[in-house]
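Note: hydrogens, waters and symmetry copies are ignored here, and every other heavy atom, side chains too, is used.
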Amino acid sequence: MISQPVAIFLLVLVIILLGPVLFRRLKVPPIVGMIIAGMAVGPYGFGLLDRDASFRIFGEVGILYIMFQAAVDIDMFHLRQQMRRGLLFGLLSFILPMTAGVFGVRYAFGTGWDTAILIASMYASHTLVSYPVVSRFGLQNTRGAVIAVCGTIVSVMLALLCLAGVVQTHVAGSFEITSLLRLLLLTAVYCAAIGYAFPFVTRRFFKSNSDPVAQYIFILALVFVASLLASVIGLEAILGAFYAGLILNRMIPGRSPLMKNIRFVGDSIFIPYFLIGVGMLINVGVITKGWGVIWVATNMSAVALGTKWIASYAARRMFGLNGTESTLMFGLTSGKAAATIAAVMIGYSYGMLTEDMMNGAVVMILICCIVASVVTERAAKRIRMRLTEQDLEHEDVGETEFARQIVSVSNPVTAEGLVRMAVFMRNRLNCNPMTVLYVRTGSENRSRAMGRTALRMAADAAEQMDVATRTVERFDINVTTALGNVAVEQEATEIVIGLHRRSNIVDTFYGSLVEQLLDTTNRMIIMSRCFIPVDTVTRVMAVVPRNAEYETGFHLWVSRIATLACNIEARLTFITYKDTEEFIRTALAEDKTEVDVRFELLDSYDDFILLSGDIGEDDLLVVVGARKGSISYSSDLEALPGFLSRYFSRHNLMVVYPRQY
């Protein structure tokens, strides 16, 4: 048995690296492959590795990581949509296995009621062992996945309460209702404290530190704090990790470098370590000890899998889902690991399980993990293929989907923020490179050095978010001319620039550059000024002028703002007139943008002064302007620059001038 730490870690890395390649050729899902590899190298296989402290630690972290990532991956908009269904499915996937398990164990194995309830709680609980498959195929926001993840928490929570109750009854001889009430009270206090404290400290940390590595360590520390506190009050740590993920969800956009780090570390280290550790627990050799183990394992596996399948089928009929979505739900909820292993260990230590029952439960865990992985992978492939076919059938490579952006930078301080803002306004399927432009009008070394530094920082920020860039340093007679020429050369759909900061008392709010740009180009111009990282914005408030729906670029700017709110998972509120509201709703429906959108109606343009008092430091105010002579231009917009300068000098602000003919 290998005991040298470097050799142990090297062998694990080799398994993580070569295992998926080998098992894919054998048509075996990588998750099953990791478990089988753990069985092979573990103490019950070839005995190369012992399940030492490192596997216990990384295994515990791995299951916490899976639950946390499942909560972070879900878009809160989709979670709210499917919350009721998820709760009902959770009750179904608990009640059916629990009821069938109690009576089945009682009469099939001839046990007492306490042992029957203990084993039934194993059937009712499940672990999202196969969730990495869903994440890999990008299906975390599909109906089946969201309902299954939401139902997981309900069924696991109830199963753990049953487990705690039966153990207390077995040890103390009776069940005390006061213990349950105490746990519920502590849970309520825990949820309130975490729900308030985590967003508060996270927003302040993110505002002062934009380093993705530091942010990742900070988030991971919060997950472990939540998990530890959950254990202290009597809950399972996995529930704490999931709840932390839900609370932190809004602050970790799917396209951010932070989310990229979360997925990378989890998929490369923690989750494979957990799966290998699960395999090392399984001793297939117990099957040879007699028919008793085979009978117990077969009975347990049949009841556990059968009742989960019935729950998924019942949910399909109740919620109007299709067969593939139901199969995906069954695959996600049929895996057994963390809570089931805990129940086995507790039951055996208290003498509630015989050796045959313990060995049969271990074999059941193996069978359920294999079934969960195979079923989830097959269902995920079918769903992914169907979604891809739909995308191809309705593919529209128009400007609303595939932006060709020019981001003008000159200051290293604001370059990264501008690029992040532009990236979050892009469709996730957009593969067009972003043009990052620095224009110099002179030969000063200091100005040139600052511009090139801004270009480099902007390109690095885009690369962290997996967006290709085309960096351009251009010498021209003035910035306006350079932007106009590059926009024509690149066939740009929009120009993104930083909002001008007044340098003296006679300077205008926009500055001469923007005023000239508005006169010389008909493309959409987006001016941005954000005092906080854009991915920490909680609400986007868009003020829309009268008759904006008649402008050429109406659909384009609606799409950009909605995509921004969707990608940063912020609530979107349009402050607009009644006639314009219907056109905005139509544009959102045509784009199939799934975002939490609300409307505040205006009687006159000055009404949004009253609404502005509700705009906080974590909100982004978007003001849609209009060029002189356009349909939506009015005397109200004539005073817009001065109005913004007077009332919104300290707000996060974006000003959009739509495209014109």
Side-chain angles (χ1 to χ4, degrees), residues 61-62 64-66 68-76 132 135-136 138 140 198-226 241 244-272 407 409 411-426 428 430 433-434 436 453-469 471 496 528 530-538 563-564 566-570 618 620 652:
V61 171
L64 296 179
Y65 213 96
I66 290 176
F68 165 69
Q69 187 171 327
V72 169
D73 274 344
I74 294 176
D75 187 285
M76 297 303 290
S135 182
R136 174 159 53 89
Q140 56 268 29
F198 276 24
F200 180 82
V201 299
T202 303
R203 291 191 187 282
R204 274 141 189 82
F205 182 84
F206 281 10
K207 288 176 184 178
S208 61
N209 196 321
S210 60
D211 179 21
V213 176
Q215 290 181 349
Y216 173 78
I217 295 173
F218 178 81
I219 289 295
L220 203 59
L222 291 184
V223 174
F224 291 146
V225 167
L246 289 180
I247 295 299
L248 298 172
N249 183 290
R250 282 191 177 275
M251 281 153 281
I252 310 176
R255 299 192 68 168
S256 64
L258 176 57
M259 178 59 85
K260 185 178 179 181
N261 289 342
I262 288 173
R263 288 174 176 154
F264 172 76
V265 177
D267 294 343
S268 59
I269 297 295
F270 289 135
I271 295 176
V407 181
V409 299
N411 190 339
V413 176
T414 59
E416 183 178 346
L418 276 176
V419 167
R420 289 182 184 274
M421 181 72 77
V423 171
F424 282 127
M425 286 191 287
R426 292 165 61 97
R428 293 171 187 255
N430 187 0
M434 175 190 296
V436 182
T453 301
L455 276 179
R456 185 177 65 253
M457 294 181 66
D460 290 344
E463 183 181 1
Q464 289 177 352
M465 302 176 76
D466 295 326
V467 173
T469 58
T471 57
V496 182
S528 171
C530 227
F531 296 111
I532 63 174
V534 63
D535 48 3
T536 63
V537 168
T538 56
T563 302
L564 170 66
C566 180
N567 283 333
I568 64 176
E569 298 183 20
D618 293 330
L620 173 65
N652 305 309

Closest approach of [X] to [Y] (non-hydrogen atoms, all atoms of both residues):
| X | Y | answer |
| --- | --- | --- |
| M421 | S528 | CE-OG, 3.4 Å |
| A244 | V223 | CB-CA, 4.2 Å |
| A454 | P412 | CB-N, 3.8 Å |

Side chains of [X] and [Y], heavy atoms from C-beta outward: is any pair under 4.5 Å?
| X | Y | value |
| --- | --- | --- |
| L258 | P212 | no |
| P253 | M259 | no |
| V409 | T414 | no |
| F424 | T563 | no |
| I217 | I219 | no |
| D618 | V537 | no |

List for me each residue that meets side-chain contact (heavy atoms from CB on, under 4.5 Å) alongside P533, sequence neighbours excluded, and say none if there are none.
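In terms of side-chain contact (heavy atoms from CB on, under 4.5 Å), with neighbours along the sequence ignored, P533 is linked to K207, D535, T536.
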Taking side-chain contact (heavy atoms from CB on, under 4.5 Å) as the test, write out the residues that go with V423, two or more places apart.
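Here the qualifying residues are R255, V419, M434, M465, V467.
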For R204, which residues count as a side-chain hydrogen bond (donor to acceptor under 3.5 Å, both in side chains) partner, sequence neighbours excluded?
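R204 satisfies side-chain hydrogen bond (donor to acceptor under 3.5 Å, both in side chains) with no other residue.
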List the residues meeting side-chain hydrogen bond (donor to acceptor under 3.5 Å, both in side chains) with T538, not counting sequence neighbours, and say none if there are none.
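Result, side-chain hydrogen bond (donor to acceptor under 3.5 Å, both in side chains) vs T538: D619.
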Under the ring pair (Phe, Tyr, Trp, His ring centres under 6.0 Å) test, which residues partner F205, sequence neighbours left out?
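Scan of F205 (ring pair (Phe, Tyr, Trp, His ring centres under 6.0 Å), adjacent residues dropped) gives F218.
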Test of understanding: with ring pair (Phe, Tyr, Trp, His ring centres under 6.0 Å), list the residues that count as partners of F270, not counting sequence neighbours.
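In terms of ring pair (Phe, Tyr, Trp, His ring centres under 6.0 Å), with neighbours along the sequence ignored, F270 is linked to F58, Y65.
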F68 and L220: CA distance, side-chain angles, deciding distance, side chain to side chain contact (heavy atoms under 4.5 Å, CB included) verdict
CA-CA 9 Å; F68 165 69; L220 203 59; 5.6 Å; no
Without swapping roles, check the side chain of [X] against the backbone of [Y] for a donor-acceptor pair under 3.5 Å.
| X | Y | result |
| --- | --- | --- |
| N249 | I74 | yes |
| N652 | L620 | no |
| Q215 | N209 | yes |

Does the pair L564 and V534 meet the rule for a side chain to side chain contact (heavy atoms under 4.5 Å, CB included), with working shown?
CA-CA 9 Å; L564 170 66; V534 63; 4.2 Å; yes
Quick test of your reading: applying ring-ring contact (aromatic ring centres under 6.0 Å, His included), list the pairs with at least one residue in residues 246-266, sequence neighbours left out, ordered by first then second residue.
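Not a single pair qualifies under ring-ring contact (aromatic ring centres under 6.0 Å, His included).
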From [X] [atom1] over to [Y] [atom2], what is the distance, rounded to the nearest 0.5 angstrom?
| X | Y | atom1 | atom2 | result |
| --- | --- | --- | --- | --- |
| L246 | F198 | CG | CZ | 12.5 Å |
| L418 | M457 | CG | CE | 11.5 Å |
| L248 | T202 | CG | OG1 | 5.0 Å |

Salt bridge (Lys or Arg N to Asp or Glu O under 4.0 Å) contacts touching residues 454-469 (sequence neighbours left out):
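For residues 454-469: K260-D466.
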Quick one: salt bridge (Lys or Arg N to Asp or Glu O under 4.0 Å) partners of [X], sequence neighbours excluded?
| X | result |
| --- | --- |
| R136 | E377 |
| R250 | none |
| E416 | R420 |

Residue pairs involving residues 261-270 (criterion side chain to side chain donor-acceptor pair (under 3.5 Å); sequence neighbours excluded)
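Applying side chain to side chain donor-acceptor pair (under 3.5 Å) to every pair that reaches into residues 261-270, excluding sequence neighbours, yields D73-R263.
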